[in-house]
Amino acid sequence: MKASIFHLFTTRETPAEAEIASHQLMLRSGMIRKLTSGIYTWGPLGLRVLRKVEEIVRDELNSAGYQELLMPAVQPAELWQETSRWEKFGAQLLKISDRAGREYCFGPTHEEVMTDFVRNEIRSYKQLPITFYQIQTKFRDEIRPRFGVMRSREFLMKDAYSFHIDHTSLDDTYWEMYEVYSRIFTRTGLHFRSVEADSGAIGGHKSHEFHVLADSGEDEIAFSDVSDYAANIEMMPVAKPGYERPAATEEMRTVDTPDAHTIDELVSAYGVPIEKTVKTLIVHAAEDQEADFVALLVRGDRALNPIKAEKLVQAACPLEFASDKEIREAVGAGPGSLGPVGLTLPVIADQEVALMSDFTAGANIEDKHYFGINWDRDVASPLTADLRNAIEGDASPDGKGVLQTARGIEVGHIFQLGTAYSEAMNAVVLGEDGKSHVMHMGCYGIGVSRIVAAAIEQNHDDRGICWPEPIAPFQLALLPMNAKKSYRVREAAEKLYAELLDAGVEVFYDDRDLRPGVMFNDMELIGIPHRVVIGERGLDSGALEYRYRKDTENSEIPLDGAVKAILEKLGMS
RNA sequence: CGGGGUGUAGCUCAGCCUGGUAGAGCACCACGUUCGGGACGUGGGGGUCGUGAGUUCGAAUCUCGCCAUCCCGACCA
């Protein structure tokens with residue numbers, strides 16, 4: 001590709017709207033342009049990267065024997081009503097209607113359409129298992145799109161669906177897909193980690209996420225420092241503490257605490273050790289409960305895990321915190337003065353809280369706390385559950401080692417759906433026994449456009465992007481110095497360019513009449529992995545200059561046999 | 001949805017407080033000088049100042065509404 005005919009539009013300044021490195025660099029390099037909130041155009045440069053990622057995904061899935069197809073983006077409401085998701089999916093579902101007033105949505109995912117396709121196509125267990133996939137534009141009306149294509153509303157996704165006669169077959173394909181995903185992410189050249197995950201609203205049984213590791217990631221994952229055990233922090237269980245509750249040593253007493261409405265204030269103003277504090281969170285109760293609210297207790301320095309909390313039978317799902325007003329009406333005191341003693345609401349304590357003694361919590365009286373509270377003596381022992389987030393240093397739930405944490409960007413997710421959709425949509429096949437069987441299903445997603453952003457997040461420096469070679473927009477940048485003035489340079493560059501193209505190299509030949517500094521900066525910004533410079537200086541000594549994007553020093557390549565030497569650098573010989 | 005911020009040229013921003021008829025840098029066009037790490041000079045094109053109303057002799061500037069956009073939102077108990 002010649003730069004003179006390629007739309008390269010780089011900027012020196014960082015657009016004000018971009019917060020994180022990948023978003024800034026994608027805008028500065030001209031890979032993407034925003035059309036409107038959460039909706040982006042992929043420019044020629046960005047599209048080359050997107051296509052590279054897509055090709056790796058497609059190639060591995062095809063190799064595994066899965067079949068590509070392409071489904072409509074616009075889907076009729078009736079299909080979604082069959083599974084009740086027309087309502088359940090909520091505001092993320094972009095609903096549209098046609099001229100006759102018929103309702104549709106722009107597909108955020110394709111379980112319904114795929115299940116409909118398969119129930120019409122597949123009649124016999126002999127045709128199973130079968131897996132279809134597509135690479136297609138999805139739309140989810142995110143509450144808060146951000147970070148460019150990292151969390152956009154319109155995005156490119158690979159979604160695959162497998163269909164099975166029974167759960168055993170589903171399990172086989174699930175683990176096969178797990179391996180395929182591992183190969184895909186390995187091939188992109190990114191550092192990733194798979195973790196056990198919450199299957200979330202989609203439901204189902206088993207689920208794993210694949211995360212690209214990056215400090216700016218929105219997800220936190222936890223893993224054992226010695227075993228393979230890893231899970232999203234959302235669902236990482238916390239092991240029951242192995243110790244007994246210490247005996248009470250203090251009497252419970254009421255303390256006026258007008259200055260303490262937060263745990264931090266309690267600690268700083270009254271010298272209470274934070275691990276002796278308990279915070280009380282009031283959430284809405286599930287509809288079938290007698291009480292309207294439930295109190296959840298976690299230690300003052302712990303974070304409530306909302307996923308664990310909403311799985312409690314007593315709590316509403318999705319989790320909803322009580323408002324200030326509701327708390328005052330139900331308890332008689334406001335946030336900042338709440339605690340288990342004298343509380344008339346059902347109480348569920350984190351398992352660790354139940355083992356605390358001599359602790360401090362709000363008195364349910366405005367501006368008062370109880371110090372030296374002990375279970376059984378001052379207040380009945382509560383129901384307990386695992387309610388808090390795991391943190392670094394906790395024992396690994398598999399009993400091996402301690403947990404470490406890292407931040408990640410979720411780029412892949414695989415689920416065992418079971419029969420949730422096939423049952424609702426009556427997707428059945430005839431079995432060996434001559435009877436109808438509801439098919440078992442798996443679904444498997446990869447955020448293709450998100451991978452591009454994640455790759456940059458993981459691979460950049462202060463000069464720009466440092467593409468992993470498998471997904472770089474070009475392999476090599478060929479930069480002639482002052483070609484307009486020097487016939488020799490121009491000739492040599494043109495010749496080398498032609499030879500490299502012949503050899504199948506994806507070369508970006510910068511034939512623009514620009515000062516060298518501009519070329520260097522552009523090439524480093526857009527992150528082309530290999531760079532070859534041709535100048536008068538080098539031609540005099542019979543050499544080309546070579547530099548790898550992540551290096552800081554040049555090396556020389558003899559002009560004689562330069563193509564062969566370059567191919568070696570590119571790993572193509 | 002709640003809170004906060006911002007809307008002025010393609011981009012980054014100044015001007016607004018204290019009303020007087022729109023600016024800079026980058027980018028773009030032309031010419032010249034430059035030419036191995038984002039050159040310089042001269043000349044030029046480009047903005048109904050988000051939008052609607054109001055106040056005023058006069059509004060980018062003051063007032064109100066609307067729209068768009070960005071950031072934050074259990075961690076408080």
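These numbers come from the heavy atoms of this one structure, side chains and all, not from hydrogens, waters or symmetry mates. Residue numbers begin at 1 in each chain, while the letters A, B, ... track the order of the sequences.
Taking atom CZ of residue A:Arg512 and atom P of nucleotide B:A39, one finds them 13 Å apart after rounding to whole Å. A straight line from CD of A:Glu17 to C1' of B:G50 spans 16 Å, rounded to a whole angstrom. Note: CD1 (A:Ile534) to P (B:G36) measures 16 Å, nearest angstrom. Rounding to whole angstrom units, CZ of residue A:Arg33 and C1' of B:C11 are separated by 9 Å. Rounded to whole Å, atom P of B:G36 lies 13 Å from atom CG of A:Leu514. Distance A:Arg151 CZ to B:C71 P: 12 Å, rounded to the nearest Å. Between A:Gln24 atom CD and B:U12 atom C1' there is a gap of 13 Å when expressed in whole angstrom units. For the pair A:Glu218 CD and B:G73 P, the computed distance is 10 Å after rounding to whole Å.
Between B:U69 and A:Lys34, no contact under 4.0 Å exists linking OP1 or OP2 to a side-chain N or O. At B:A39, one or more side-chain N or O atoms of A:Arg515 fall inside 4.0 Å of OP1 or OP2 (strictly under the cut-off). Taking 4.0 angstrom as the limit, A:Ser37 places a side-chain polar atom (N or O) nearer than this to OP1 or OP2 of B:C70. The phosphate of B:U69 has OP1 or OP2 within less than 4.0 Å of a side-chain N or O from A:Thr36. The side chain of A:Arg146 contributes an N or O atom lying less than 4.0 Å from OP1 or OP2 of B:C72. In terms of phosphate contacts, A:Arg12 brings no side-chain nitrogen or oxygen within less than 4.0 Å of OP1 or OP2 of B:U12.
Salt-bridge annotation for A:Glu499 and A:Lys495: present, with a side-chain N of the basic residue lying under 4.0 Å from a carboxylate O of the acidic one. For the pair A:Arg146 and A:Glu19, the salt-bridge criterion is not met [side-chain N within less than 4.0 Å of a carboxylate O]. Remark: A:Asp540 engages A:Arg488 in a salt bridge, criterion side-chain N to carboxylate O under 4.0 Å. Between A:Glu524 and A:Arg549 there is no salt bridge, since no side-chain N of the basic residue sits under 4.0 Å from a carboxylate O of the acidic one.
The nucleotide whose nearest atom lies closest to any side-chain atom of A:Ala16 is, among B:A27, B:G36, B:C13, B:C13. For A:Glu13, taking side-chain heavy atoms from C-beta onward, the closest of the listed nucleotides B:A27, B:G36, B:C11 is B:C11. Between B:U12, B:C35, B:C75, one nucleotide has an atom nearer to the side chain of A:Pro15 than all others, and that is B:U12. Of the candidate nucleotides B:A27, B:A39, B:G73, B:A39 has the atom nearest to the side chain of A:Val518. Picking from B:C70, B:G38, B:C71 the nucleotide with the shortest atom distance to the side chain of A:Asp522 gives B:G38.
Comparing the C1' positions of B:G38 and B:C11 gives a spacing of 15 Å, expressed to the nearest Å. Atom name C1', nucleotides B:U48 and B:A59: the rounded distance is 14 Å, in whole Å. Across the P atoms, B:G41 and B:G65 are found 47 Å apart, a figure rounded to whole Å. B:U12 and B:G52: their C1' atoms are spaced 29 Å apart (whole Å). For the C1' atoms, the distance linking B:C26 with B:C40 amounts to 15 Å, nearest Å. When the C1' atom is used for both B:U63 and B:U56, the distance is 12 Å, rounded to whole Å. Nucleotides B:U6 and B:C16, compared at atom P, are 15 Å apart to the nearest Å. Taking the P atom of each, B:A22 and B:A27 are spaced 26 Å apart, rounded to whole Å.
Of the nucleotides present, B:C40 is the one that pairs with B:G32 by Watson-Crick or G-U wobble criteria, both distances under 3.5 Å. Judged by Watson-Crick or G-U wobble contacts below 3.5 Å, the nucleotide B:G23 has B:C13 as its partner. Of the nucleotides present, none pairs with B:A60 by Watson-Crick or G-U wobble criteria with both distances under 3.5 Å. Pair assignment for B:U18: none, as no Watson-Crick or G-U wobble contacts are both less than 3.5 Å. Base-pair partner of B:C1: B:G73 (Watson-Crick or G-U wobble, both distances under 3.5 Å). Figure legend. B:G47 is base-paired to no nucleotide; pairs are counted as Watson-Crick or G-U wobble with both atom distances under 3.5 Å. As the counterpart of B:A68, B:U6 is assigned, both hydrogen-bonding distances of the Watson-Crick or G-U wobble pattern falling under 3.5 Å.
One can find a donor-acceptor pair under 3.5 Å joining the base of B:G37 and the side-chain atoms of A:Arg531. Residue-to-nucleotide contacts include no donor-acceptor pair under 3.5 Å from the side chain of A:Glu536 to the base of B:G36.
If you check every strand for non-hydrogen atoms under 4.0 Å, A:Arg328 touches nothing. If you check every strand for non-hydrogen atoms under 4.0 Å, A:Val278 touches sugar and phosphate atoms only. A:Lys484 comes within contact range of no nucleotide atom at all, as no heavy-atom separation falls under 4.0 Å. When heavy atoms are screened at a 4.0 angstrom cut-off, A:Ile327 is found touching base atoms of the nucleic acid. Residue-level contact check: A:Arg547 touches the bases, meaning some heavy atom is under 4.0 Å from a base atom. A:Pro516 comes within 4.0 angstrom of sugar-phosphate atoms only, judged by non-hydrogen atoms across all strands, and of no base. Base engagement by A:Ala303 is indicated by at least one non-hydrogen atom pair under 4.0 Å involving a base atom. Counting any heavy atom pair closer than 4.0 Å across all strands shown, A:Glu19 reaches sugar-phosphate atoms only and no base atom. Contacts of A:Arg388 with the nucleic acid, taken as non-hydrogen atoms under 4.0 Å apart, are absent.
Between A:Pro473 and A:Val49 there is a side-chain heavy-atom pair separated by less than 4.5 Å. Between A:Leu213 and A:Arg407 there is no side-chain heavy-atom pair separated by less than 4.5 Å.
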Evaluate A:His23 against A:Val149 for side chain to side chain contact (heavy atoms under 4.5 Å, CB included), listing each step before the verdict.
CA-CA 7 Å; A:His23 189 195; A:Val149 297; over 6 Å; no
Criterion ring pair (Phe, Tyr, Trp, His ring centres under 6.0 Å) on A:Phe6 and A:Phe474, from CA distance to verdict: CA-CA 12 Å; A:Phe6 187 83; A:Phe474 297 94; 5.6 Å; yes
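In plain terms, the two heavy atoms of A:Gly38 and A:Ser152 that are nearest each other are O-CB, 3.4 Å. Looking at every heavy atom in both residues, A:Pro480 comes nearest to A:Met519 through O-CE, 3.6 Å.
Each of A:Arg463 and A:Gly339 has a nearest nucleotide on RNA chain B; the 5'-most of these lies closest to A:Arg463. Closest-nucleotide positions on RNA chain B for A:Pro335 and A:Asn305 were compared, and the one nearer the 5' end corresponds to A:Asn305.
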